[in-house]
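Taking it in order: structure first as structure tokens, then the write-up.
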Amino acid sequence: MSASNNVEIAVVGAGVVGLATALRLAAEGREVMLIDPNEPGSGASFGNAGTLAEYACMPVGTPAVLRALPKLLFDPDSPFSLRWAALFQLAPWLTRFVRQSLPAATRANAAALAGLLSDALPAWEEMACEAKATDLLRRNGCLYLYRSQADLAGSAASRDVRASFGVHQQVLTPKEVAALEPGLPPVAGGGLYFPDSLNVTDPSLVMRRLFDAAAARGAVLRQAKVTGLEAKGGGVWLSGPGFGVTARKVVIAAGAFSRPLAAQAGDRIPLETERGYHLEFPTETPLLTRPVCPVDLGFYMTPMAGRLRVAGTVELGGLLAPPNPRRLALLDRGVRQFFPNPGKPSSQWLGFRPSLPDSRPVIGPSAKSPDVIYAFGHGHLGLTLAAVTARWIVGFVAGRTNPLAADFAAARFS
């Protein structure tokens with residue numbers, strides 16, 4: 001790649017979606033520049049639960065969540081919480097979220113996500129081979145845990161929706177849960193097992209392998225913060241403190257930080273931030289053999305290399321506030337309900353998930369600036385959908401049509 005201030009394709013954001021996109025584009029022979037102020041893969045792509053959840057077609061907003069929303073939002077220890085200082089900022093997003101939680105919208109959103117998720121695992125396995133990261137993937141499935149029969153019965157509607165889209169899932173009795181995960185205490189409700197899902201043993205190392213593979217194919221990294229975007233005839237000018245480059249095409253994959261850049265491209269995207277947390281506990285031997293999600297608590301317990309990561313819950317509240325110790329304490333209390341003596345956590349983390357009211361990411365060209373292509377807003381599914389999103393972006397760059405594109409287009413918010 002030349003040292004000039006011109007490049008064929010600039011990918012803004014070096015999280016998992018940006019890394020996957022850079023790798024696929026570079027493998028196609030494209031000249032690619034990754035731009036991020038931080039180390040590649042150091043944000044939500046590092047701190048997630050490590051699950052490749054091809055089953056997760058249910059949007060965050062559903063009729064059940066809508067019915068429970070007042071209780072969820074007013075209970076500071078619920079899995080879905082709100083920083084009340086940010087209420088004014090969040091009000092337009094919450095209004096859209098309520099509309100998207102109605103039955104018809106929920107079904108439409110689930111159908112769109114199911115279509116995108118159907119290729120998620122094959123795309124990941126192909127990308128992992130290319131990045132020499134197959135040793136970091138495990139196909140042990142994922143287990144939803146129901147601690148009461150009422151909780152299991154309450155999952156019937158979402159099970160029916162998944163089944164209608166061909167998701168493989170198995171309802172387990174409490175005895176079958178115990179056989180699958182003997183380290184767990186007994187549960188009264190049983191479980192829901194997704195046998196096809198994958199998980200990663202070290203998200204940080206996966207990110208490093210993706211970056212190395214992209215770099216080996218010619219992609220370069222510029223550590224810079226992009227604050228300005230101007231689409232002109234024949235290119236897009238990106239700028240920031242001490243930085244400027246013109247690209248023929250720009251991919252915005254900056255996660256929770258994407259909204260201002262999309263606005264400069266001419267699109268008003270109702271992107272908000274879910275603040276996600278994790279704790280990690282060192283383990284000499286694995287406490288679990290697969291990711292386990294106690295559904296009523298809203299987090300995952302995922303065995304990783306030498307540790308158990310406890311990650312999840314939803315806290316709406318923007319990018320600027322410091323970590324909320326109450327959310328970290330909630331995770332700590334939660335894991336001790338299953339493993340009473342895990343010791344002290346060895347690390348804690350706060351990161352930012354890019355969240356849209358309909359739970360669908362924005363993937364595809366800008367409605368106003370066709371040389372700008374969006375790849376953000378994946379919410380809880382950034383890791384899962386990274387590889388299939390990258391496939392889509394390669395197609396858009398090449399000018400190919402996509403029959404599912406309208407479901408994820410920026411124009412849906414016009």
Side-chain angles (χ1 to χ4, degrees), residues 1-46 52 119-137 198 200-224 226 235-236 238 243 245-255 258 361 363-365 371-376 378 382-400 402:
M1 179 179 291
S2 69
S4 72
N5 287 333
N6 294 277
V7 68
E8 182 185 5
I9 303 172
V11 178
V12 182
V16 66
V17 174
L19 289 170
T21 299
L23 172 56
R24 293 283 359 118
L25 288 168
E28 293 280 319
R30 303 287 187 174
E31 183 190 35
V32 180
M33 178 185 289
L34 265 170
I35 309 169
D36 197 297
N38 303 307
E39 288 294 319
S42 58
S45 302
F46 152 77
L52 301 180
D119 289 329
L121 296 191
W124 245 107
E125 289 173 318
E126 178 186 355
M127 186 172 70
C129 285
E130 193 162 5
K132 297 182 173 58
T134 55
D135 59 311
L136 303 175
L137 298 185
L198 303 173
V200 301
T201 60
D202 192 327
S204 183
L205 187 52
V206 170
M207 299 308 118
R208 172 51 58 182
R209 301 267 182 94
L210 291 176
F211 174 71
D212 288 347
R217 288 155 180 79
V220 299
L221 173 69
R222 285 289 300 273
Q223 286 197 260
V226 177
V236 182
L238 299 174
F243 170 77
V245 68
T246 297
R248 290 186 209 166
K249 291 191 180 292
V250 168
V251 179
I252 304 299
S258 299
I363 310 173
D371 290 330
V372 177
I373 301 173
Y374 298 135
F376 64 83
H378 294 76
L383 185 67
T384 300
L385 292 173
V388 72
T389 296
R391 280 184 177 178
W392 280 36
I393 298 303
V394 168
F396 289 126
V397 168
R400 295 193 290 270
N402 187 314

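Counting begins at 1 with the first residue of the sequence.
Scanning all heavy atoms of the two residues, the minimum distance from I252 to F376 falls at O-CD2, 3.5 Å. In this structure, A387 and M127 approach most closely via the heavy-atom pair CB-CE, 3.7 Å. Heavy-atom minimum distance, I35 versus A224: CG2-O, 3.7 Å. In terms of heavy-atom proximity, D371 sits nearest to G235 at OD2-N, 4.0 Å. Closest approach of P203 to F46, counting heavy atoms only: CB-O, 3.6 Å. Among all heavy-atom pairs drawn from V226 and F243, the shortest one is CG2-CE2, 4.0 Å.
Taking the side chain as every heavy atom from C-beta outward, L238 and M33 never approach each other to under 4.5 Å. Contact check for L52 versus L137: side-chain heavy atoms found under the 4.5 Å cut-off. At least one side-chain heavy atom of D119 sits under 4.5 Å from a side-chain heavy atom of R391.
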For the pair H378 and L383, evaluate side chain to side chain contact (heavy atoms under 4.5 Å, CB included) and give the outcome as yes or no after the intermediate values. CA-CA 9 Å; H378 294 76; L383 185 67; over 6 Å; no
Go through I363 and F396 one step at a time and tell me if the side chain to side chain contact (heavy atoms under 4.5 Å, CB included) criterion holds. CA-CA 9 Å; I363 310 173; F396 289 126; 4.1 Å; yes
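Judged purely by atom type and a 3.5 angstrom limit, R208 has no side-chain atom pairing as donor or acceptor with the backbone of S204.
For R217, the CZ atom is densely surrounded, since the number of other residues' heavy atoms within 6.0 Å is greater than 12.
The CD atom of Q223 lies 10.5 Å from the CG atom of L34; values are rounded to the nearest 0.5 Å. Once rounded to the nearest 0.5 Å, the distance linking CZ of R209 with CG of L205 reads 4.5 Å. The CG atom of L198 lies 12.0 Å from the CG atom of L136; values are rounded to the nearest 0.5 Å.
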Considering only distance and modelled atom types, tabulate donor-acceptor pairs under 3.5 Å from the side chains of residues 7-30, sequence neighbours left out.
| residue | atom | partner | partner atom | Å |
| --- | --- | --- | --- | --- |
| E8 | OE1 | E31 | N | 2.9 |
| E8 | OE2 | R30 | NH1 | 2.8 |
| T21 | OG1 | V17 | O | 2.8 |
| R24 | NH1 | E130 | OE1 | 2.3 |

